[in-house]
Amino acid sequence: VYILALKTMTMQTAAKAIINLFREHGEVVYGEVMSVNSHSIQAGWLAKEKGYDQGIQVAAFLHDIGHIIPLLDTEAQGNRMGEFGMDQHDLIGADYLERAGFPAVVVACAKNHVNAKRYLCYQEPGYFEQLSPASVETLRYQGGGMAPEEAAVFEQTPHFKASIAVRRLDELAKEAEYLITEAHWQYFEELMAEMIESNGL
């Protein structure tokens with residue numbers, strides 16, 4: 001129902017609805033030292049500061065929306081990873097973003113951000129040691145590091161490089177005392193409105 005409602009909105013109203021979704025439900029904390037809101041804003045803002053394009057910025061901001069979507073329906077909250085949020089939140093988020101009309105790069109980065117962690121644990125020496133305690137814990141639920149054959153397949157997935165970029169932003173976006181301002185919310189609302197307009201939501 002929420003997806004259908006988004007599709008009937010103007011671009012500005014749809015973007016505002018997504019921001020309100022975060023504002024109303026995103027203060028949950030799943031094992032990390034910050035809320036989903038703080039983590040999402042930090043990731044998107046880091047993408048902006050590092051000069052990434054609109055797609056990566058929006059993808060970084062929205063990559064964990066799958067932790068929030070199940071909270072809209074108390075009868076369908078799905079499985080949890082203990083105290084570490086929603087299991088398969090990557091797939092929940094990607095499904096939501098695809099049905100809402102976001103472009104393929106945003107959908108792919110949401111869908112792949114868990115597998116990108118698993119890939120980097122296999123591919124990059126020292127990456128596992130840089131993970132936060134919560135990311136280490138969730139890795140157990142997510143299948144651990146990839147096997148070589150799995151990694152080779154993952155390298156061929158669409159938007160692979162973008163997904164790796166968002167994963168690295170994900171790991172950096174974990175400052176405990178990060179201050180969220182109205183300017184942050186306004187920036188991402190306007191950025192999504194531009195994206196929604198260009199993709200015909």
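Atom set for the values below is all heavy atoms of this structure, side chains included, hydrogens, waters and symmetry mates excluded. All residue numbers refer to positions in the sequence shown, counting from 1.
- Counting heavy atoms from C-beta on, the side chains of Leu172 and Lys50 come closer than 4.5 Å.
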Legend entry - Chi angles and distances behind the side-chain contact (heavy atoms from CB on, under 4.5 Å) call for Val36, Glu27: CA-CA 6 Å; Val36 171; Glu27 285 304 311; over 6 Å; no

Inset, instruction - For Tyr187 and Trp45, run ring-ring contact (aromatic ring centres under 6.0 Å, His included): C-alpha distance rounded to whole Å, both residues' side-chain angles, the deciding distance at 0.1 Å, then the answer. - result: CA-CA 9 Å; Tyr187 179 79; Trp45 204 255; 5.3 Å; yes

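- Here Gln42 contributes atom CD and Glu49 contributes atom CD; the two are 10.0 Å apart, rounded to the nearest 0.5 Å.
- Aromatic rings from Phe61 and Phe22 are positioned such that their centres are separated by under 6.0 Å.
- You'll find the side chain of Leu169 reaches within 4.5 Å of the side chain of Ile56, heavy atoms only.
- Minimum interatomic distance between Glu182 and Arg23 (heavy atoms only, all atoms of both residues): OE1-NH2, 2.7 Å.
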Inset, instruction - Please step through ring-ring contact (aromatic ring centres under 6.0 Å, His included) for the pair His39 and His63, ending with a clear verdict. - result: CA-CA 10 Å; His39 177 56; His63 76 279; 5.0 Å; yes

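- Across all their heavy atoms, Ser163 and Ala116 have their closest contact at O-CB, 3.9 Å.
- Across every non-hydrogen atom of Ser35 and Ser38, the tightest pair is OG-N, 3.1 Å.
- Contact check for Leu91 versus Tyr96: no side-chain heavy atoms found under the 4.5 Å cut-off.
- Under a hydrophobic-cluster definition in which Ile, Leu, Val, Met, Phe, Trp and Tyr are linked whenever side-chain heavy atoms come within less than 4.5 Å, directly or via other members, Val114 and Leu62 are assigned to different clusters.
- Judged by distance alone, the side chains of Asp64 and His89 do bring a donor and an acceptor atom under 3.5 Å apart.
- Residue Asp90 holds its CG atom at 9.0 Å from NE2 of His67, rounded to the nearest 0.5 Å.
- In this view, Glu190 satisfies the salt bridge (charged side-chain N to carboxylate O under 4.0 Å, His left out) rule with no residue, not counting sequence neighbours.
- Residue Asp170 holds its CG atom at 11.0 Å from SG of Cys109, rounded to the nearest 0.5 Å.
- Under 3.5 Å, the side chains of His25 and Asn37 contain no donor-acceptor pair of N or O atoms.
- In this structure Glu171 satisfies the salt bridge (charged side-chain N to carboxylate O under 4.0 Å, His left out) test together with Arg167, Lys174, sequence neighbours excluded.
- With values rounded to the nearest 0.5 angstrom, Gln57 atom CD is found 5.5 Å from Leu191 atom CG.
- Side-chain contact between Leu21 and Ile69 is present, with at least one heavy-atom pair separated by less than 4.5 Å.
- Judged purely by distance below 3.5 Å, without hydrogens or angles, the side chains of Asn115 and Arg118 pair a donor atom with an acceptor atom.
- Of all non-hydrogen atoms in Pro125 and Gln123, the two that sit nearest each other are CD-O, 3.5 Å.
- Using a 4.5 Å cut-off on side-chain heavy atoms (C-beta onward), Met192 and Lys16 make no contact.
- Under the 4.5 Å side-chain criterion, counting only non-hydrogen atoms from C-beta, Val58 is not in contact with Phe188.
- No salt bridge links Glu98 with Lys111; every basic N to acidic carboxylate O contact stays at or beyond 4.0 Å.
- Closest approach of Ala108 and Pro158 over heavy atoms only: CB-O, 4.1 Å.
- In summary, Glu124 and Arg168 engage in a salt bridge, as defined by a charged side-chain N under 4.0 Å from a carboxylate O.
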Legend entry - Met195 vs Val106, side-chain contact (heavy atoms from CB on, under 4.5 Å): CA-CA, chis, key distance, verdict: CA-CA 10 Å; Met195 177 172 282; Val106 175; 3.8 Å; yes

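- Taking a 4.5 Å side-chain heavy-atom cut-off between Ile, Leu, Val, Met, Phe, Trp and Tyr, the cluster of Phe128 extends to Tyr119, Leu120, Tyr122, Tyr127, Leu131, Val136, Leu139, Met146, Phe154, Phe160, Ile164.
- Here the closest heavy-atom approach between residue Val105 and residue Ala162 is recorded as CG2-CB, 3.9 Å.
- Looking at Ile41 and Trp185, their side chains come closer than 4.5 Å, going by heavy atoms from C-beta outward.
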